[in-house]
Amino acid sequence: MIITLPDGKTMNLKAGTTGLDVATQISPSLAKRVLAYALDGQLFDLYWPIPKDGQFKLLTDKDPETLMMLRHDASHLLAQAIIALYPGTKFGVGPAIDEGFYYDMDLSQPISEEDFPRIETKMLELSKQAFPIVRKEISKQDALTLFKDDPYKTEMIQALTGTISIYTQGAFTDLCLGPHFINTSYNQNFKLLTTAGAYWRGDSKNKQLTRIYGTAFFNKKDLDAYVAMLEERKKRDHRKLGKELGLFMISDYGPGFPFWLNKGMILRKTLENFWIDVHRAAGYQLVQTPTMLSKELWETSGHWFNYRDNMYVSEVDEKEYAIKPMNCPGSMLVYKNEFYSYKDLPIRMGELGNVHRHEASGALSGLFRVRNFTQDDAHIYCTPEQLESEVREIVKLFDFFYKKVFHIDYDVYLSTRPENKYIGTLETWAKSEKALGDALTGMGKTFKINPGDGAFYGPKLDFKLKDSVGRTWQCGTVQLDMNNPERFDLTYINEKNEKVRPVMLHRVVYGSLERFIGILIEHYAGAFPTWLAPVQIKILPVNQSFHLDYSYALKKAAAAIGLRAEVDASNEKLGYRIRNAQVEKVPYSVVIGDKERDGQLVTYRPYGSEEQVTISMESFLQKVQKEVTDITHLRIE
RNA sequence: GCCGACGUAGCUCAAUUGGCAGAGCAACUGAAUCGUAAUCAGUAGGUUGUAGGUUCGAUUCCUAUCGUCGGCACCA
């Protein structure tokens, strides 16, 4: 394949061609940054810093790097359009991100999303002019002169050493490492999405810049598919569905304090009861600790000093109390209520613990971020030798819930010791991190590392669930705690009759019931599997007088085996009631007419289907019951 | 908390330049008794989030406040 290099020379490139090959054929300065890029069978060239090993990779539009590069180009294109439309604007940073790109800027005049069409038109116009994107390396001094009017770029340059690369396209020049395509023409399928405020350098002490989010793809089809997915996410929004399906509400009298409505309560209690059954079977004891405890306890746990601003406090009889933001101090008081020998360990102590945290007003969001929620918490006290196997048991439990019950895939992250703020010795940290990692590897699981992201008191594993519309949610977490056993002086007696400290683990599966239900609503788009559906069977008598008795008999028979059925005998046509049952996303709509009444039959129609099946009442009820118990009777093997 | 947008009937949304606050669905009443996604007619429903201000007149303009949404920061 022949490519044209930026200096006008051509070069034949074959699969397997390396950067070194390129370097030997062209001028060394240029060779540092040449790469062939194949798109739809056509070859384009672009700049790319030579990797250390000298190996170049021939990229195609299927490679994620290429899409990121296109989006990075798109952010420059946005900046180029902005500088043309709003001269005097100063620029922060503008990277490509997972689903698109953004650019942070200090705009010379305020803009809103209403200005997007105008900006997009300008971007397209600039794109079509195919401005060459030219890389140049300049000295720090020259860079400071070049960007002297832009305080943000100046600040970034001051932190750099050595030569500095800049990219120019038309009237816009950016401080940038690259890489980029050779000209602006590749960006024809982009869309600006939203504006937002973002602190300069991500620090809330700094000024807030205007961030414009957008996305870009190689073709219109992909862009349209992405926009369609955004629509789908909006349709699945748990706040919208929660209202429509009558699951929960949030009142202005209590921002962040969800109210559970009858149907939401059925869903929630179903999840809780299942959780309790599975945990009891897995050797957990269950406790419930008080919502409010005295200030001294929170001083002992350290919350009073570290977390005070987020706690709800109260004074009673001149004594200060705090509402629990976490369950662990309560759990440890329960542990201390008894005297343990090594033979008693591990103690697995579960609690569906309702906690209150005063989250910042701007952080609240539906059920995803609330101020009052229930953690499906458990604390495990074990010997150091038991640590790894206990972690493995927990991961087994997570697998059971996520994969077997909810069919949701996940990624695991191991968060390691923070750089500066940590307690304990390096040796203990290394051992603990290894135990967590080994437990995963021992189960054939891969994980990514989040360096320095552990809590000050210990490393942790985070489980991020991937929902059906491509978003990820952190739910499960296993945290090793090297702090609290010390603070609360937890002990057990070991084989040598010595008083020693147990290892303590915190873990949650659902994370918070509230958030998990929010995730489930969106994951299932409100159409819950039968075992979770608040109403499982909607019974529709064709005639509201002749068929009522049999309809109620069916409801009674369903209730007798624990199924949730409702009769819709409202004075409406069947089609109307069928529609309502579908809108309510009830798993089974059952029509009862003469045929069914006379033959002790039911004609059912599963949710989302137009299929009609007529079977005996008995086999229908058995079928639905089996569907429910197939899940609710599941236990970890 | 910060930046920006928004707040009208139970729900979804209209209301021209500042000039009588409206529709669909839901609810209620009546008729129709109907076999798989909306039967017809009627009735009722509002201190336009709240509190001030400007104005002859405010859903509309201004200020404050509460809340919601998109982000940011936060999530020990």
Side-chain angles (χ1 to χ4, degrees), chain A residues 92 102 104 106-107 110-114 193-213 230 234 237 239-240 243-244 246 249-256 298 301-311 325-326 328 357-366 368-371 373 418 421 453-457 460 462 474 477 479 481 483 506 511-512 515 538 540-547 569-584 589-596 603-614:
Chain A
Y102 66 79
D104 284 350
D106 191 351
L107 281 150
I111 64 156
S112 75
E113 285 166 32
E114 284 162 27
L193 299 170
T194 81
T195 63
Y199 295 107
W200 168 237
R201 308 213 129 192
D203 188 333
S204 58
K205 289 190 211 62
N206 290 340
K207 178 174 174 159
Q208 258 190 346
L209 307 179
T210 303
R211 174 172 296 181
I212 297 181
Y213 280 96
L230 291 182
K234 222 182 266 175
D237 191 316
R239 292 167 298 201
K240 178 174 171 285
K243 191 186 274 185
E244 287 171 6
M249 58 174 255
I250 297 175
S251 157
D252 283 1
Y253 286 106
W298 304 107
S301 69
H303 288 93
W304 198 260
F305 302 102
N306 294 319
Y307 202 65
R308 174 74 181 73
D309 288 348
N310 281 326
M311 287 165 73
M326 294 186 98
C328 13
R357 300 181 184 178
H358 184 80
E359 301 289 356
S361 58
L364 302 178
S365 173
F368 286 161
R369 196 76 182 273
V370 290
R371 287 174 170 160
F373 56 100
K421 206 184 153 197
D453 207 36
F456 74 92
Y457 53 76
K460 59 175 181 173
D462 287 328
Q474 196 200 305
T477 160
Q479 301 194 3
D481 191 332
N483 182 39
H506 310 247
S512 98
R515 197 148 81 99
K538 187 72 104 173
L540 310 171
V542 173
N543 178 292
Q544 286 88 336
S545 36
F546 311 145
H547 307 132
S570 62
N571 200 9
E572 298 287 351
K573 290 172 79 170
L574 182 61
Y576 178 89
R577 287 176 289 150
I578 284 281
R579 179 176 188 277
N580 279 351
Q582 294 293 311
V583 168
E584 285 171 42
S589 302
V590 172
V591 172
I592 300 300
D594 286 346
K595 181 177 73 181
E596 288 77 12
T603 300
Y604 72 85
R605 164 181 172 153
Y607 171 75
S609 153
E610 284 173 29
E611 177 198 10
Q612 292 173 38
V613 185
T614 303

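First the proteins, then the strands, lettered A, B, ... as listed; each starts at 1. No hydrogens, no waters, no symmetry mates; every other heavy atom, side chains included, goes into these values.
Atom name C1', nucleotides B:U39 and B:C25: the rounded distance is 15 Å, in whole Å. Annotation: B:U16 and B:U60 have their P atoms spaced 12 Å apart (nearest Å). Comparing the C1' positions of B:G24 and B:U8 gives an interatomic distance of 15 Å, to the nearest angstrom. Comparing B:A44 with B:A27, their C1' atoms sit 9 Å apart, to the nearest whole Å. B:C56 and B:A51: their P atoms are spaced 23 Å apart (whole Å). Of the P atoms belonging to B:G67 and B:U50, the separation is 15 Å, rounded to the nearest Å. A gap of 16 Å separates the P atoms of B:C28 and B:G45, to the nearest Å. Annotation: B:C20 and B:U48 have their C1' atoms spaced 15 Å apart (nearest Å).
Both A:Lys243 and A:Tyr607 lie near RNA chain B, and the one whose nearest nucleotide falls closer to the 5' end is A:Lys243.
Scored by the ring pair (Phe, Tyr, Trp, His ring centres under 6.0 Å) test, A:Trp304 finds no partners at all (sequence neighbours excluded). Shown here are the side chain to side chain contact (heavy atoms under 4.5 Å, CB included) partners of A:Ile250, two or more places apart in sequence or in another chain: A:Phe248, A:Pro258. By the ring pair (Phe, Tyr, Trp, His ring centres under 6.0 Å) test, A:Phe368 is found to be paired with A:His238, A:Trp473, residues two or more places apart in sequence or in another chain being considered. The side chain to side chain donor-acceptor pair (under 3.5 Å) check on A:Thr477 picks up A:Asp462, with sequence neighbours excluded. Residues forming a side chain to side chain contact (heavy atoms under 4.5 Å, CB included) with A:Val613 (at least two apart in sequence, or on another chain): A:Tyr604, A:Glu611, A:Ile615. With sequence neighbours excluded, no residue forms a ring pair (Phe, Tyr, Trp, His ring centres under 6.0 Å) with A:His547. Checked against salt bridge (charged side-chain N to carboxylate O under 4.0 Å, His left out), A:Lys240 has the following partners two or more places apart in sequence or in another chain: A:Glu244. In this structure, the side chain to side chain contact (heavy atoms under 4.5 Å, CB included) partners of A:Lys207, at least two apart in sequence or on a different chain, are A:Asp106, A:Tyr152. Partners of A:Arg308 by salt bridge (charged side-chain N to carboxylate O under 4.0 Å, His left out), not counting sequence neighbours: none found.
Across all non-hydrogen atoms, the minimal contact from A:Ser365 to A:Arg239 is OG-NH1, 3.6 Å.
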Spell out protein contact along nucleotides 23-36 of chain B as letters: B when the base is contacted, S when just the sugar-phosphate is, - when no protein heavy atom is under 4.0 Å; keep the 5' to 3' order.
---S-----BB-BB
So if I define the base as every atom that isn't primed, P, OP1 or OP2, how would nucleotides 68-76 of chain B read as a B/S/- string at a heavy-atom cutoff under 4.0 Å?
SSBBBBBBB
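Between A:Asp203 and A:Arg201 there is no salt bridge, since no side-chain nitrogen of the basic residue lies less than 4.0 Å from a carboxylate oxygen of the acidic one.
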Pairing string, 5' to 3', for RNA chain B - Watson-Crick or wobble contacts under 3.5 Å, brackets [ ] where pairs cross, | to another strand:
(((((((..((((.....[..)))).(((((.......))))).....(((((..]....))))))))))))....
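Regarding A:Leu540, its CG atom lies at a distance of 14 Å from the P atom of B:A38, rounded to whole Å. Nucleotide B:A37 holds its P atom 16 Å from the CD atom of A:Glu584, rounded to whole Å.
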